[in-house]
Amino acid sequence: MAYYYNPSFFFLLFVTLFLTSDYVIQSDARHLLEITLPELPKPELPHLPEIPTLPKLEFPEIPKAELPTLPKPELPKISKPELPTLPKPELPALPKLEIPFIPMPELPTLPKLEIPQVPKKP
């Protein structure tokens, strides 16, 4: 016969163990706070001998290096080439264009409409 394990039983067991372990940790922490520890003596460092100071060293002076002055480079002068002058070509004269005149058409005039006016009632 097979046994059937209910997963909620395992979950309940897990939660119960978790909560009891939390109470145990809190009680242990409270117990540590209530305990008085004896004072430990502070350790004393041994006396160190004084180190003698060394005399300051004097560095020899080094003379400044003199850099030779170089002449400024000059670009060679090149003469500008002379371009030959060309005569301007003469363009032939264009004939004057005549724009033809188109007369304006005469539009007929429309008669003016008379609108009868209605007297206002007081």
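Position 1 is the first residue of the sequence, and the numbers go up from there.
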How many angstroms lie between atom [atom1] of [X] and atom [atom2] of [Y], to the nearest 0.5 angstrom?
X	Y	atom1	atom2	answer
E39	K42	CD	NZ	9.0 Å
L86	K88	CG	NZ	11.5 Å
L97	I99	CG	CD1	7.5 Å

